[in-house]
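First the structure, in the form of structure tokens, and then the observations on it.
Each chain gets a letter, A, B and so on, in the order its sequence line appears, and its residues count up from 1. All heavy atoms count here, side chains included; hydrogens, waters and symmetry mates do not.
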Number of protein chains: 2
Amino acid sequence: MLEIGFTGTGDAAQIPVWGCRCTVCVRAKNITTFKRKPAGLSITSPNGITLIDAGRTDLADCYSVEKIARIILTHFHMDHVQGLFNLRWSEYDRKIPVYRPDDPIGCDDLYKHPGIFEFQKPFRELDTIDWDDFTLTALPLNHSKPTLGYVLEYGGNRLAYICDTSGLPVVTKDFLKNKHPDYLILDCAEPPSSNIIYNHNDLNSALEIVQQLTPTKTWLTHISHRFEHWLLHNPNTLPDNIQIAQDGMRFHLLANKTYEQL
Amino acid sequence: MLEIGFTGTGDAAQIPVWGCRCTVCVRAKNITTFKRKPAGLSITSPNGITLIDAGRTDLADCYSVEKIARIILTHFHMDHVQGLFNLRWSEYDRKIPVYRPDDPIGCDDLYKHPGIFEFQKPFRELDTIDWDDFTLTALPLNHSKPTLGYVLEYGGNRLAYICDTSGLPVVTKDFLKNKHPDYLILDCAEPPSSNIIYNHNDLNSALEIVQQLTPTKTWLTHISHRFEHWLLHNPNTLPDNIQIAQDGMRFHLLANKTYEQL
Ligand SMILES: [Mn+2]
Ligand SMILES: [Mn+2]
Ligand SMILES: [Mn+2]
Ligand SMILES: [Mn+2]
Ligand SMILES: [Zn+2]
Ligand SMILES: [Zn+2]
């Protein structure tokens, strides 16, 4: 069994946005469960914990170093890697492998001073890697820095994590149509917009991707206060099999190709 | 009156260090008051709050945007600026001025996407600036990036904040000897060492600076778990007028050239 957890479901501003007095941000300020930290995932198996992205800056409080098997980065924007900067100075005697897209610049001095992190050879598009706990395939996305989505396969389950993208590149769309993921976690940073949105999906683009891939279940993530505000004023617009993810939400992928929400 | 507060007193690893089982880190894990966030200062006057450095990543929880008058950076290492990356996306309608050393690179994409921050013309060495609440002079330090210390003057009090330095450049030493600060907050990242320490003071270098400047009172900051561990095993080695700073510690500078610890 794999346990999938949302370590964060917010955009780079997080929710509450500093100084914002909108309904969404005031609610999140008052009620912890409505807060949104930077988007990321934890994948827990008997072999340890895999983090997809490290945008939370309290990872040292959340995870013991012994349990982290590996970290997988979607890209080197600060809201996805900022949590690594203090962790790297751990004096723990095992290096932690960090998987990543092919971005020669990375973020600030992470490559120069990786500390306990060991950056792995970058994924090329459609590279697949098999670990004891699950299989992962890297998929290129449309974003302002080299960015990867991932398909995770376990016990007949196929889960796609597609974060920080505006639509899908053809190679990724074709791969996913063919792979037919059962579960989809998808960037939907913005409310429906009549303008072209760069770097992220608005709800229109997200729904179009859902229609193309027809997963059993979709969670939307990388939520901005703008989108959440729109949702408050447009309730009941999403079909039942599309859910807005929340920080801390967890589900299990079982070996018999089913999932259970916790 | 000015209230000076230590927003953080730790090094880039912070205390507890991730995965460390030393006495210092275990104690800090169990007792919040022993934690050390990245080094920085708050200066509160009737006109608002000035932050020196922004290495804490929970600034949005700690300070309302309306009250921040300005931010003053010592340098662009991540442990001094990482807190700006989410704050910048605030949609507040006033820009917050950020003062800084002359570092054309800065940190990651902060210059490219400053959001609500307005980076000011860099300080040149010994530049002095007068605000309603206090006067500040910028002093070059010895560090691996362009780095400034600051002397703050208020009501006849002279407070020097000298963080992230290994010894002092001649220009700064001469200026400070002449200025004769009453209060000194000083980098002391490492225990006494027989090796040359780059980028930071060990206790020997810190004590040498104290002897040269003879302030009434000194607080040591940017403390690593190594130095704190050494202190646990070498109690009562510091003279009475040198204190190890703690996160949250505060004192007042009064108009009549005195201070009161809170
Ligand atoms: Mn992002
Ligand atoms: Mn991004
Ligand atoms: Mn530094
Ligand atoms: Mn530092
Ligand atoms: Zn808001
Ligand atoms: Zn320690």
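With a threshold of 4.5 angstrom between heavy atoms, A/R94 does not approach chain B through any atom at all. Contact of A/I68 with chain B is made through the side chain alone, with heavy-atom distances under 4.5 Å. Proximity to chain B involves both the backbone and the side chain of A/C107, based on heavy atoms less than 4.5 angstrom apart. For B/R226, the part lying under 4.5 angstrom from a heavy atom of chain A is the side chain only. Proximity to chain B (any heavy atom under 4.5 Å) is shown, for A/D108, by both the backbone and the side chain. Residue contact with chain B, scored on non-hydrogen atoms closer than 4.5 Å, involves the side chain of A/Q14 exclusively. Contact of A/I105 with chain B is not made at all, since no heavy-atom distance falls under 4.5 Å.
In this pair, B/F227 and B/W230 present their aromatic rings parallel. The plane angle is below 30°, not in the 30 to 60° band.
Counting heavy-atom pairs under 4.5 Å between each of A/V17, A/D109, A/L87 and chain B puts A/L87 at the top. Put simply, of B/G19, B/A12, B/P16, the one with the most heavy-atom pairs under 4.5 Å next to chain A is B/A12.
B/H113 and A/H77 have their aromatic ring centers separated by at least 6.0 angstrom.
A/H200 is not listed as a side-chain neighbour of A/S166, based on a closest heavy-atom distance of 4.5 Å or more. Between A/L51 and A/L59, some side-chain heavy-atom pair lies under the 4.5 Å cut-off.
Cation-pi geometry between B/R70 and B/F134 is met: the NZ or CZ atom falls under 6.0 Å from the ring centre, inside 45° of the normal. The cationic group of A/R27 lies under 6.0 Å from the six-membered ring centre of A/F34 and within 45° of the ring axis, placing it in a cation-pi geometry.
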Distance-only donor-acceptor pairs under 3.5 Å for side chains of residues 37-48 of chain A, two or more places apart:
{"residue": "A/S45", "atom": "OG", "partner": "A/N47", "partner atom": "N", "Å": "2.9"}
{"residue": "A/S45", "atom": "OG", "partner": "A/D133", "partner atom": "OD2", "Å": "2.9"}

